[in-house]
Amino acid sequence: MSNFALIMNSDVIRLLPDSVANQIAAGEVIQRPASVIKELVENAVDAGATAISIILKDAGRTLIQVVDNGCGMSPTDARMAFERHATSKIAAADDLYSLHTMGFRGEALPSIAAVAQIDLRTMRHGDSVGTRLLISESKFEGQEPATCVPGTNLMVKNIFFHMPARRKFLKKDSIELSHILREFERLALVNTDIDFTLIHNDTTLHQFPKGTLKQRIGALFGKNLEGHIAPVSTETSLVKIEGFIGMPRHAKKRGAQQFLFVNGRNMRHPFFHKAIIKCYENLIAPDSQPSYFINFEVDPATIDVNIHPQKHEIKFEHEAAIWQILEAAVRETLGKTQAAGALDFDAEDAPEIPLFDPAAEAGMPEVSVDAGYNPFAETPSAGTRESAGVTWRPSSSNRAPQDWDKLYENFSKKRDDAFAEIPSADNDDIFTVAPARTEAAAAAPASAPQTSGTCFQLRASYIVTGSHRGLMVVSQRRAHIRILYERYLAALSAGDVASQTLMFDEEVELSVSESAMLETMLPVFESLGFGLTCKSSTTWNIGAVPAQLQGASPAEIVTALLEECVTGDKARESLLSPLALSMAKAAAVKAPQVLTEAEMESILSELFSCAEPSYTPDGLTVMSIIDNDEIANRFNL
């Protein structure tokens with residue numbers, strides 16, 4: 001019989017071993033250390049924990065340890081928990097539509113055990129002895145009684161240790177830590193009734209007790225944000241919406257905190273995100289994003305969380321109706337708080353308001369008038385007065401002028417000189433355009449508009465000059481920003497950065513995630529001319545800045561650069577452009593600011609030598625041309 005016949009007669013479909021099936025499931029559930037933390041913390045929440053500690057080594061690459069004071073497990077349950085589809089959360093398919101727990105698939109622990117080494121210690125409340133379980137690469141290595149405290153202590157060691165390709169996929173520690181911090185923020189915000197502690201390489205990054213959502217927002221992102229948000233609250237038969245939204249004036253171009261929760265579960269929902277952003281139209285810049293922290297409470301039977309293994313995507317039965325309710329609630333809050341910030345009487349430092357006492361008598365205020373006071377008197381005797389024990393004397397600037405001719409003498413002289421300098425109407429030179437192009441203008445790109453050598457300033461903010469297409473109006477500040485940006489960017493790229501030591505250190509308060517990112521990016525910031533020292537886990541001192549940052553706030557610049565870093569792996573080259581733009585905005589001419597003709601011509605010449613003279617680096621229009629046809633139409637020509 002041929003080999004082909006043997007193959008045709010043999011069965012080719014087989015049941016995969018549990019170890020292989022677990023690794024396949026792990027590819028969907030466990031993508032990086034942050035995924036492990038999410039699954040373990042959610043299990044701790046389902047176990048009724050009121051305090052959860054997360055301990056990390058090397059951004060989770062070496063160790064992820066989650067300790068909770070939940071209900072714990074018996075020896076049998078501890079062993080069963082690592083079997084595929086073993087769960088205590090549901091018993092039948094109908095239970096999927098009445099979920100009140102974070103987990104329900106029974107895939108998390110088997111998937112984690114398939115890609116790491118597990119050391120589990122757990123004990124139920126009331127038991128005198130617990131159990132210890134060891135697993136490596138889905139292989140059971142042993143179980144024995146152990147002394148431990150009630151709850152669960154689960155250590156995940158050497159993630160992806162036997163999968164070189166997956167381990168190589170992991171980014172450097174700073175990037176993995178940033179993902180962990182993002183996941184931790186989501187978990188901490190949705191579980192405000194739990195004490196959380198996060199420790200990385202023996203350094204405590206977060207530690208805060210249970211509290212309100214607003215207090216947790218302040219603990220995670222800083223007290224400043226806590227004062228820049230307003231409450232949203234509404235309740236209908238379909239949904240109860242509660243949370244906070246950011247004030248429009250505090251919208252960010254990058255790094256806005258945006259969180260949606262449903263029934264205590266994190267979710268991503270582009271449809272509801274669009275509803276919130278729609279409310280901010282005409283209130284914030286098109287490229288800015290507001291912060292929001294909004295929780296939806298709905299009947300579990302009206303949502304489906306069984307869409308994706310990570311359970312971030314959720315389907316709503318009444319999606320369109322909830323959109324309208326959400327939009328109305330956000331618009332109501334914005335309408336109430338747009339003119340003035342919301343008053344928070346629950347804050348710890350809120351002013352104490354005395355109780356109204358109807359029996360108390362209000363005293364009549366005392367008013368005294370000095371009938372002899374003369375504000376124009378020069379002698380101390382006539383102009384001196386006392387109020388509340390303080391003697392006041394009018395300064396020389398408050399005294400009435402004694403010689404009116406002297407007051408107008410300088411004005412008349414300047415007026416006569418100005419009329420004398422006006423050319424005669426018979427002089428044709430005032431209509432003559434004399435080209436005066438500098439070497440920089442001569443080297444400008446051929447596509448650049450050709451301007452005349454005559455220019456003047458409009459409202460101390462715009463440079464007006466003629467061109468072959470018509471009349472060109474240039475924003476002097478934006479033009480100077482474009483010029484300085486390209487100059488500074490070239491200097492930063494060449495490593496030619498001068499550092500300026502500040503007379504007094506400036507303090508910048510960061511969130512824990514921003515502080516951790518700054519610590520990893522410290523050599524990059526130092527190479528860009530910053531001098532930074534860590535004062536506490538969230539406070540840094542700025543002792544030096546790039547020399548071109550004249551008049552700019554060093555704290556705002558550092559924060560803006562960190563927003564560039566926080567979204568991913570940002571090397572030094574990626575920070576050059578935002579830093580050059582910040583330096584250019586700090587050093588550029590203001591508007592309004594009077595310029596000489598030579599200064600205006602210099603700006604125009606250098607502007608048209610730039611690679612992109614029409615727009616600033618952040619996309620704002622630099623110039624506008626009123627073409628010849630439009631001018632002719634205005635004169636009916």
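All values below were derived from every heavy atom in this structure, side-chain atoms included, with hydrogens, water molecules and symmetry-related copies excluded. Fair warning: this is a prediction, and the values are worked out from it, not measured in the lab.
Residue pairs that meet the salt bridge (charged side-chain N to carboxylate O under 4.0 Å, His left out) test with at least one member in residues 192-201, sequence neighbours left out, do not exist here. Residues in residues 55-68 take part in these salt bridge (charged side-chain N to carboxylate O under 4.0 Å, His left out) pairs, two or more places apart or across chains: Lys57-Asp202, Arg61-Asp173. Within the structure, the salt bridge (charged side-chain N to carboxylate O under 4.0 Å, His left out) test picks out the following pairs touching residues 233-247 (sequence neighbours left out): Lys240-Glu242.
Partners of Lys535 by side-chain hydrogen bond (donor to acceptor under 3.5 Å, both in side chains), not counting sequence neighbours, listed by chain and number: Glu507. Not counting sequence neighbours, Lys274 has no partner by the salt bridge (charged side-chain N to carboxylate O under 4.0 Å, His left out) test. A search for ring-ring contact (aromatic ring centres under 6.0 Å, His included) contacts involving Phe261 returns nothing, not counting sequence neighbours. Checked against salt bridge (charged side-chain N to carboxylate O under 4.0 Å, His left out), Lys278 has the following partners two or more places apart in sequence or in another chain: Glu327. Thr50 pairs by the side-chain hydrogen bond (donor to acceptor under 3.5 Å, both in side chains) definition with Asn69, not counting sequence neighbours. Remark: Phe161 pairs with no residue by the ring-ring contact (aromatic ring centres under 6.0 Å, His included) rule, at least two apart or across chains. Residues satisfying the ring-ring contact (aromatic ring centres under 6.0 Å, His included) test with Phe208, not counting sequence neighbours, are His206. Taking Glu556 as the reference, nothing meets the salt bridge (charged side-chain N to carboxylate O under 4.0 Å, His left out) condition, with sequence neighbours excluded.
Judged by distance alone, the side chain of His125 and the main-chain N or O of Gly70 form a donor-acceptor pair under 3.5 Å.
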- Message: What verdict does the side chain to side chain contact (heavy atoms under 4.5 Å, CB included) test give for Val524 and Leu522, after you've listed the backbone C-alpha separation in whole Å, the side-chain angles of each residue and the deciding distance to 0.1 Å?
- Response: CA-CA 5 Å; Val524 174; Leu522 192 56; over 6 Å; no

- Query: Could you walk me through whether Leu575 and Leu528 pass the side chain to side chain contact (heavy atoms under 4.5 Å, CB included) check?
  - Reply: CA-CA 9 Å; Leu575 299 181; Leu528 295 175; 4.2 Å; yes

- Decide yes or no on ring pair (Phe, Tyr, Trp, His ring centres under 6.0 Å) for Phe184 and Phe196, but give the supporting numbers first. CA-CA 9 Å; Phe184 179 84; Phe196 275 99; 5.7 Å; yes

- Task: Run the numbers on Val508 and Leu510 for side chain to side chain contact (heavy atoms under 4.5 Å, CB included), then give the verdict.
- Result: CA-CA 6 Å; Val508 56; Leu510 305 173; 3.7 Å; yes

Name every donor-acceptor pair, under 3.5 Å, that has one atom in a side chain of residues 149-158 and the other anywhere in the protein, sequence neighbours excluded.
from	atom 1	to	atom 2	distance (Å)
Thr152	OG1	Thr122	OG1	3.2
Asn153	OD1	Gln65	NE2	2.9
Asn158	ND2	Gln117	OE1	3.0

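Relative ring orientation between Phe271 and His269 is described as tilted, the plane-to-plane angle lying within the 30° to 60° band.
Between Phe272 and Phe316, the distance from one ring center to the other falls under 6.0 angstrom. Aromatic pair Phe244/Phe293: ring centres not closer than 6.0 Å.
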